Amino acid sequence: MVDAKKRPAGHLDLPFRTWIEYYQDALNLVHLTYDGLNSIDFRIELGDILRGFRLEVERGRDQVLRDALLVKSRDAHREIDADYPVLHAHTLLGLWGALERLIEDIFITSILYEPSLLAHERLSRVKLLVDVILGSGEDRANAILAEFIRTIGADQKKGVGQFEALLKPVLLDGQVPRVVRDSVLLAQQIRHVWAHRGGVADAKFVESCSSRASVGDKLLIGSSEFHHLSDGIQMYGLVVLNRHFLNSGMPIRTTIVPGYEGIWDEIGMGGNDINAEEDAPRDAPEGPLFSNEPW
């Protein structure tokens, strides 16, 4: 058995960095879209003011532009008044895909860096083709991942179970706070409905999330729910990161966001807050991932 406590931290920098950069870019785009849609009325009002200072010959062209803006304003207000459900749904699809990629990259990177993990009882039972067994490198690791997912049906598991099954053989599974588990489950199920049913709840969704909708309901995601779910995905990623830090003897980062207070105490990671600027280890990567501020 591999002694997890002696494992250095640096080999998983890239998977976590790639994930958090995507997460930040996606949330930035959401807020830029909020701002952009809300600015259209201002642009129309500003155009009306400026029109009074222009020559008559320009007014015909200005009117065409104004009419086009009015159409955009109508469409923008439809999305604003509904609380941005389409924007949130499509962003959630991307965030879920990025989380799946993070966990798979952790699996692949871990067994590449530490081949002895393949002796884990779960991985030792995976049946591989001869050319895969004799192979090496990332192609072999990807083949092992694909066969392991198929063998245990990881992609059919609900919520964090989908990921914990992949993290166990690489010694990064563990407790997940209840509110984080609930958020990840709901995010997963809403994601599936939008990816496969155009956002309309079916019996399978209602079975998993009965309090959220009835069969046939359109799953419109408002800003409050979206940010709670995206924060839940963020917090789950940080739980996994902290497991990695603990395995490597590094200080953990107990970031708190509204709605997720108390999660670190629940899983025995409370009381470990550190000032990222003063106390972070020298080789810790820079950036908000390694900060106690919300990412």
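Just so you know, these numbers come straight off a predicted model, no measurement behind them. Heavy atoms only: backbone and side chains are in, while hydrogens, waters and symmetry mates are out.
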Contacts of L29 that satisfy side chain to side chain contact (heavy atoms under 4.5 Å, CB included) - sequence neighbours left out: T33

Keeping W194 on the side-chain end and L219 on the backbone end, is there a donor-acceptor pair under 3.5 Å? yes

Could you list all the salt bridge (charged side-chain N to carboxylate O under 4.0 Å, His left out) pairs where at least one residue sits in residues 76-88, not counting sequence neighbours? D75-R78

Considering residues at least two apart in sequence or located in another chain, which fulfil the side chain to side chain contact (heavy atoms under 4.5 Å, CB included) criterion with A195? L93, R191

I'd like to know if the side chain of H11 and the backbone of Y113 have a donor-acceptor N/O pair within less than 3.5 Å. no

Taking side chain to side chain contact (heavy atoms under 4.5 Å, CB included) as the definition, give me every residue that meets it alongside S230, ordered by chain and number, with sequence neighbours left out. Y23, L27, L95, F226, H227

Can you tell me which residue pairs pass the salt bridge (charged side-chain N to carboxylate O under 4.0 Å, His left out) test with a partner in residues 86-102, sequence neighbours excluded? R101-E104, R101-D105

Check whether any side-chain N or O of Q188 sits under 3.5 Å from a backbone N or O of G159 as a donor-acceptor pair, and report yes or no. yes

Shortest non-hydrogen contact from I108 to A141? CG2-CB, 3.8 Å

Output yes when a side-chain donor or acceptor of N247 lies under 3.5 Å from a complementary backbone atom of L171, and no otherwise. yes

Go through it in stages, so that I can follow the logic: the residues are F107 and L102, the test is side chain to side chain contact (heavy atoms under 4.5 Å, CB included), and I'd like the CA-CA distance, side-chain angles, deciding distance and then a yes or no. CA-CA 9 Å; F107 181 97; L102 168 66; over 6 Å; no

Partner set under side chain to side chain donor-acceptor pair (under 3.5 Å) for Y22, not counting sequence neighbours: none

ILVMFWY cluster, L166 and L185 together (side-chain gap under 4.5 Å): no

Can I190 be reached from V200 by stepping across I, L, V, M, F, W or Y side chains whose heavy atoms are under 4.5 Å apart? no

Give every residue pair that meets the salt bridge (charged side-chain N to carboxylate O under 4.0 Å, His left out) criterion with at least one member in residues 158-179, sequence neighbours excluded. E164-R243, K168-D173, R178-D182

Those residues that, when tested against W96, pass ring pair (Phe, Tyr, Trp, His ring centres under 6.0 Å) (two or more places apart): F163

Applying side chain to side chain donor-acceptor pair (under 3.5 Å), name anything that partners H228, two or more places apart in sequence or on another chain. S183, Y260

Please list, chain by chain and in numerical order, all residues satisfying ring pair (Phe, Tyr, Trp, His ring centres under 6.0 Å) with F205, sequence neighbours excluded. none

Joint hydrophobic cluster, L220 plus V215, side-chain heavy atoms closer than 4.5 Å: no

Is a side-chain N or O of E261 found less than 3.5 angstrom from the main chain of G259, in a donor-acceptor match? yes

Residue pairs fulfilling salt bridge (charged side-chain N to carboxylate O under 4.0 Å, His left out) with at least one residue in residues 204-224, sequence neighbours excluded: R212-E225

